[in-house]
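First up is the structure itself, then whatever we jot down about it.
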Number of protein chains: 2
Amino acid sequence: MSKRLPSSSEFLSHIAYDLVIFGFDGHDLKILILEYHNTGFFALPGGFVRRDENLENAVQRGLTERTGIDSIYLEQFYTFGSVQRYKPEVMEAIVKANDFELPPQHWMLDRFISVAHFALINYNNVSPTPDELSDSIEWYNVNELPDLILDHKKIVKKAHEHLISNLYSRPVGKNLLPERFTMKELQKVHEAILGNPLRRTSFQRKMLSLDMLDRHEKLFSGKAHKAPYLYSFREEE
Amino acid sequence: MSKRLPSSSEFLSHIAYDLVIFGFDGHDLKILILEYHNTGFFALPGGFVRRDENLENAVQRGLTERTGIDSIYLEQFYTFGSVQRYKPEVMEAIVKANDFELPPQHWMLDRFISVAHFALINYNNVSPTPDELSDSIEWYNVNELPDLILDHKKIVKKAHEHLISNLYSRPVGKNLLPERFTMKELQKVHEAILGNPLRRTSFQRKMLSLDMLDRHEKLFSGKAHKAPYLYSFREEE
DNA sequence: TGTTTATTGTCTCAATTTGTAACAATAGTA
DNA sequence: TACTATTGTTACAAATTGAGACAATAAACA
């Protein structure tokens, strides 16, 4: 009773995408990692592009399937195309461990070039869902990842670098935090991404000077000190 | 006596690359545009990836074929994968105008995802060479391009944006200028890329503070004024 | 051989931005 | 009412940048 893989008439051969999905739990920067069934292989979520589908739509679709969330910040950052990443035995092991039928020249065992994307999502609104071939998908601290297959470690590294270089030009916190947040929470996001502490007053001044934030009511947390304001990112025009 | 296209066993299907090759003639930022034989089509140089070849090697190979230069600054910046760019009639016209045999289901008429790169080269060391399908390759002012096929105009725009955002973090002038150059020449390169004038003294101070330049002997141009120093970009460690 | 012209290298001072710390406000606790 | 922890704001020094002035100089010219 072995299952059937999708046929090559449905998908573009040689093209895949990988996803580095970032989240923030209040302390650390995290990403979602899949564990493939019965293989001990860890990998980034990924998928293929349908023949009649835009690349970006395919990625958005995969992201929604893994997280249950629509309309997330998503950005393509690099395409990985070295020959060294062609390891048919890895894919073969994954497919076989999942009890799929595997014709010898199947397109999924051929060489792939992968268009890597990263996403920023709100950690608390997500219900991570494994794909057909994997039995778990879990959050891992960016600095404490398990061994990943192929060049996925390199993909994560490059994604993280892109995230850092975008920190001040895009509303990064908007996608990692709830709709409204305190300045301290935003600072913690930035610190988690950069990996080093920031000065409170300079950070506040810089963020406000970017003219991206709206100030709202105060948040009374019940703690014995002055209540901080809540902020939100202004909707871009 | 029609010629034969390469077979699909040699190349990866569905994957192409396009090249935005920047040069600087002393006044304007230029790029190389191909004109396809007998079609009136203008396009970016591009090509396909061999099955046993790294993506980046394929691009480097194409670049060398078009310019005659090795070891050029080359950077991947985006992968274009919308369905709208699938226009088999364009490729068909090009191939037919060049008197190639064209089997109906040929892989070159299928949908492609294109990994776009930009290169920076020294305008004067180059002998642009058309590819098999085109009869000319010429420098065009970035702001005065002819109509280009598919989404190539968009690709150029994005390449230019990337170039601008890299201006101060990478030795951009190194690749667009001769080995040794004056501060004024470097300033002109930056002005051509940015599209607006820069202040002489601030520019000089900024460039020197980046600690990327070595100062050499003066250049006596024969003009009736103080001779400027020559500079070169320091070899990175 | 001075004098002039065009351009370059350097310096100065003001304007702006950033780093750092101090201080006052305040929500809840003791 | 005093105390604690944290926040918003202000103040001042340090660093960076903007804008211009000025002296140096290579060749042309008188």
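These numbers come from the heavy atoms of this one structure, side chains and all, not from hydrogens, waters or symmetry mates. What you are looking at is a predicted structure, and each value in this text was computed from that prediction instead of being measured. Order of the sequence lines fixes the chain letters, A, B, ..., with proteins taken first and strands second; residue numbering starts at 1 for each chain.
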The side chain of [X] is closest to which nucleotide in this list: [options]?
X	options	value
A:F220	C:dG28, C:dT10, D:dT9	C:dG28
B:Q204	C:dG9, C:dT12, D:dG20	C:dG9
A:K226	C:dT26, C:dT20, D:dG18	C:dT26
B:R205	D:dA26, D:dT7, D:dT17	D:dT17

**Prompt:** Do A:H190 and A:F203 make the cut of ring centroids closer than 6.0 angstrom?
**Reply:**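 Yes, the ring centres sit under 6.0 Å apart.
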
**Prompt:** So, do B:F80 and B:Y78 have ring centers that fall under 6.0 Å from each other?
**Reply:**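 Yes, the ring centres sit under 6.0 Å apart.
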
Name the pairs: protein N/O against N/O of nucleotides 13-15 of chain D, kept only if under 3.5 Å.
none

[X] [atom1] - [N] [atom2] separation (whole Å):
X	N	atom1	atom2	value
B:M207	D:dT16	CE	P	17 Å
B:K206	D:dT16	NZ	C1'	10 Å
A:L198	C:dG19	CG	P	10 Å
B:E217	D:dA26	CD	P	14 Å
A:F203	D:dT6	CZ	P	18 Å
A:L208	D:dT10	CG	C1'	14 Å
A:Y229	C:dT26	OH	C1'	11 Å
A:K223	C:dG28	NZ	C1'	11 Å

**Asked** Axis-to-axis angle across the helix from C:dT1-D:dA30 to C:dA30-D:dT1, five pairs an end, to 10 degrees?
**Response**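 Axis-to-axis angle, ends of the helix: 30°.
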
**Message:** If you assign B:R199 and A:A227 each to the DNA chain D nucleotide with the nearest heavy atom, which residue ends up on the more 5' nucleotide?
**Reply:**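 Looking at DNA chain D, the more 5' nearest nucleotide goes with A:A227.
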
**Message:** Salt bridge or not between B:E179 and B:K174? Use side-chain N to carboxylate O under 4.0 Å.
**Reply:**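 Looking at B:E179 and B:K174, the cut-off is not met.
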
**Prompt:** Any idea which heavy atoms bring B:R170 and B:Y73 closest together, and the distance?
**Reply:**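 Answer, listing the atom of B:R170 first, then B:Y73: CD-OH, 3.0 Å.
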
Give a yes or no answer on whether the side chain of [X] reaches the backbone of [Y] with a donor-acceptor pair at less than 3.5 Å.
X	Y	value
A:E191	A:L198	yes
A:T64	A:I69	yes
B:R234	B:D211	yes
B:R50	B:A58	no

**Prompt:** Just checking B:T201: base, sugar-phosphate only, or nothing, at a heavy-atom cut-off of under 4.0 Å?
**Reply:**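 Touches a base.
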
**Message:** Within the 4.0 Å heavy-atom criterion, would you say B:K184 contacts the bases, only the backbone, or no part of the nucleic acid?
**Reply:**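 Here B:K184 touches the backbone only, sparing every base.
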
**Request:** Select from A:S209 and B:M183 the residue whose nearest nucleotide in DNA chain C is closer to the 5' end of that strand.
**Result:**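 Taking each residue's closest nucleotide, the earlier one in sequence belongs to B:M183.
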
**Request:** State whether a side-chain donor-acceptor pair under 3.5 Å links B:Q84 with B:Y86.
**Result:**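 Absent: no donor and acceptor within the cut-off.
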
**Asked** Between the side chains of A:D214 and A:S232, does any donor sit under 3.5 Å from an acceptor?
**Response**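 No pair is found: no donor N or O on one side chain lies under 3.5 Å from an acceptor on the other.
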
**Request:** Look at the side chain of A:R200 and the base of D:dG8, then say whether one donor and one acceptor between them are separated by less than 3.5 Å.
**Result:**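 Yes.
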
